[in-house]
Amino acid sequence: MSVSRVNAVFYAESYHPIQAGSIDGTDTLPHDNGVYRAFLCSSAGLYDPFGDPKATGDPYCTVFVGRLNHLTTEDTLHKTEGMNKNVIRSMSKYGRIKSLRLVRHIVTGASRGYAFVEYETEREMRRAYEDAHHSIVDDCEIIVDYNRQQLMPGWIPRRLGGGHGGKKESGQLRFGGRERPFRAPLRPIPLDDLKRLGIPPPPEGKYMSRFQVPPPPRRKRSSMDREDRYHKDGSVDREEFSHKRSSLDREDRDHKRISVERDDWEEHSHKRSSKDKRRSSIDREEQFHKRRSSSDREARSHKRSSGDREAQWSNKRTSIHGEEQQRSSTDWKEHSHRNYTDRERERESHKRHRHSTDSHGHGH
């Protein structure tokens, strides 16, 4: 036998007292008086799961909370402060609680240690079913299960010898529930005897592990519910279609408006860019003409200044040349006059010398 088969388990989908007293769900005879009493009640139909007037509310939105502290009362359950945590505060974190019923002893009025909590929606109930199991409430570890009294076919309560769980000391353990599932059978399965007693056989090939959470039963949809759901879905679809259509229309209008605004903006930007281009070209032409006129003025001023300088230089040169000529002519005149006076002096001196010589000669 493989290890996976040894650790495999399965859960009961319907209740049968003889099967609930078997560890692997294959027993065909009751092994204690409690199982026999539960089998008689089930065969005679002595128990009505819907006959309890206190069992009100939607069973698909209700969870069973067991192993509560016996000192917990309805007053302490509704307290918001105190030393101990209460069921309301611990179970309300999984959803909105619609009602809570603490089961009491019919004679003494003491708490029986379990309660039924009804939520607003089935989703909130499933959340509490999955997450609240083995949590701590009023210093006790609780167990959470779905409402088997009204949702499990053939259910027999514990007070009539049925139920699930139990203690080893009592010798009346019950299997198939969330706390004590059936083990995968290690012996041959008596299929004929199980069929004769109306006991469902183990699901061969569909076993689960102990770490998997068995899903609670789902609500069965009737034809009226399907029609209501169809009409609701149709109305929802129509509303969604109208909403989508209106949203699409709004999107189309917005898209058209945006496109028109974009076209206007592009046209305006194109006009503005063309104007800017023309203005820039005109500015460039004006700047070019200004630069050209300034360069022409600079050239003319340069030519004028250069002509003036040349004229001044030529005038100065001519004046200098004239002065030089005048000076040279004056010098020449002075030189010639000086030469003439010198020659006259020499001539005079020569005449005097000759006259003196002649006069001296005649004296001898």
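Each of I23 and L29 belongs to its own hydrophobic cluster when Ile, Leu, Val, Met, Phe, Trp and Tyr are linked at side-chain heavy-atom distances under 4.5 angstrom.
Expressed to the nearest 0.5 Å, how far CZ of R96 lies from OG1 of T121 amounts to 6.0 Å. Atoms OH and CG, on Y207 and N7 in that order, are 13.5 Å from each other to the nearest 0.5 Å. Rounding to the nearest 0.5 angstrom, the gap separating the OG atom in S22 from the CG atom in L194 is 9.0 Å. Here the CG atom belonging to D192 is positioned 11.5 Å from the OG1 atom belonging to T28, to the nearest 0.5 angstrom. Taken to the nearest 0.5 Å, the CZ atom of R112 stands 12.0 Å off from the CZ atom of R104.
Between E122 and R126 there is a salt bridge, with a side-chain nitrogen of the basic residue lying less than 4.0 Å from a carboxylate oxygen of the acidic one.
The closest side-chain heavy-atom distance from N147 to F116 is below 4.5 Å. Taking 4.5 Å as the limit, some side-chain heavy atom of I199 sits within range of a side-chain heavy atom of I18. Side chains of K167 and Q172 form no contact here, defined as non-hydrogen atoms less than 4.5 Å apart. The shortest side-chain heavy-atom distance between D131 and Y94 falls under the 4.5 Å cut-off.
Remark: E120 CD is packed, more than 12 non-hydrogen atoms of other residues, nucleotides or ligands lying under 6.0 Å away.
For Y129, the ring pair (Phe, Tyr, Trp, His ring centres under 6.0 Å) test picks out no residue, with sequence neighbours left out. Residues forming a salt bridge (Lys or Arg N to Asp or Glu O under 4.0 Å) with R178 (at least two apart in sequence, or on another chain): none. Residues meeting the side-chain contact (heavy atoms from CB on, under 4.5 Å) test with K93, sequence neighbours left out: none. Every residue was checked against the salt bridge (Lys or Arg N to Asp or Glu O under 4.0 Å) condition with R123, not counting sequence neighbours, and none meets it. A search for side-chain contact (heavy atoms from CB on, under 4.5 Å) contacts involving S14 returns P153, P200, not counting sequence neighbours. For E141, the side-chain contact (heavy atoms from CB on, under 4.5 Å) partners two or more places apart in sequence, or in a different chain, are H134, I136. For P217, the side-chain contact (heavy atoms from CB on, under 4.5 Å) criterion is met by Y146, L151, not counting sequence neighbours. Not counting sequence neighbours, R210 has no partner by the salt bridge (Lys or Arg N to Asp or Glu O under 4.0 Å) test.
Among all heavy-atom pairs drawn from R148 and D145, the shortest one is NE-OD2, 2.6 Å. Counting all heavy atoms, side chain and backbone alike, M91 lies closest to V65 at CE-CG2, 4.0 Å. Of all the heavy atoms in R67 and C140, the pair that sits closest is O-CB, 3.7 Å. Nearest heavy-atom pair, P190 versus T26, reported as atom, atom and distance to 0.1 Å: CG-O, 3.8 Å. Closest approach of A38 and I156 over heavy atoms only: CB-CG2, 4.0 Å. Residue Y11 comes nearest to S209 through the heavy atom pair OH-O, 4.5 Å, listed as atom of the first residue, atom of the second, then distance.
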task: Go through R219 and D58 one step at a time and tell me if the salt bridge (charged side-chain N to carboxylate O under 4.0 Å, His left out) criterion holds.
output: CA-CA 10 Å; R219 191 189 305 271; D58 189 357; 2.6 Å; yes
- request: Given side-chain hydrogen bond (donor to acceptor under 3.5 Å, both in side chains), test E118 with T62 step by step and report yes or no.
  value: CA-CA 4 Å; E118 182 184 4; T62 305; 4.8 Å; no
message: Between I189 and E204, is the side chain to side chain contact (heavy atoms under 4.5 Å, CB included) condition met? List the steps.
response: CA-CA 10 Å; I189 302 174; E204 290 291 333; 2.9 Å; yes
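Clustering of Ile, Leu, Val, Met, Phe, Trp and Tyr side chains at separations under 4.5 Å leaves F50 isolated, with no partner residue.
Judged by distance alone, the side chain of H105 and the main-chain N or O of A110 form no donor-acceptor pair under 3.5 Å.
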Exercise answer: donor-acceptor pairs, residues 40-47 side-chain atoms, under 3.5 Å, sequence neighbours excluded:
from: S43; atom 1: OG; to: F39; atom 2: O; distance (Å): 2.9
from: Y47; atom 1: OH; to: Q149; atom 2: NE2; distance (Å): 3.4

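Listed by first and then second residue, the ring pair (Phe, Tyr, Trp, His ring centres under 6.0 Å) pairs that reach into residues 160-183 are F10-F182, Y15-H164, W155-H164, sequence neighbours excluded. Residue pairs meeting the salt bridge (charged side-chain N to carboxylate O under 4.0 Å, His left out) criterion with at least one member in residues 24-50, sequence neighbours excluded: D24-R187, D27-R187, D32-R174.
Between L68 and the options I143, V103, I142, a side chain to side chain contact (heavy atoms under 4.5 Å, CB included) holds for only I142.
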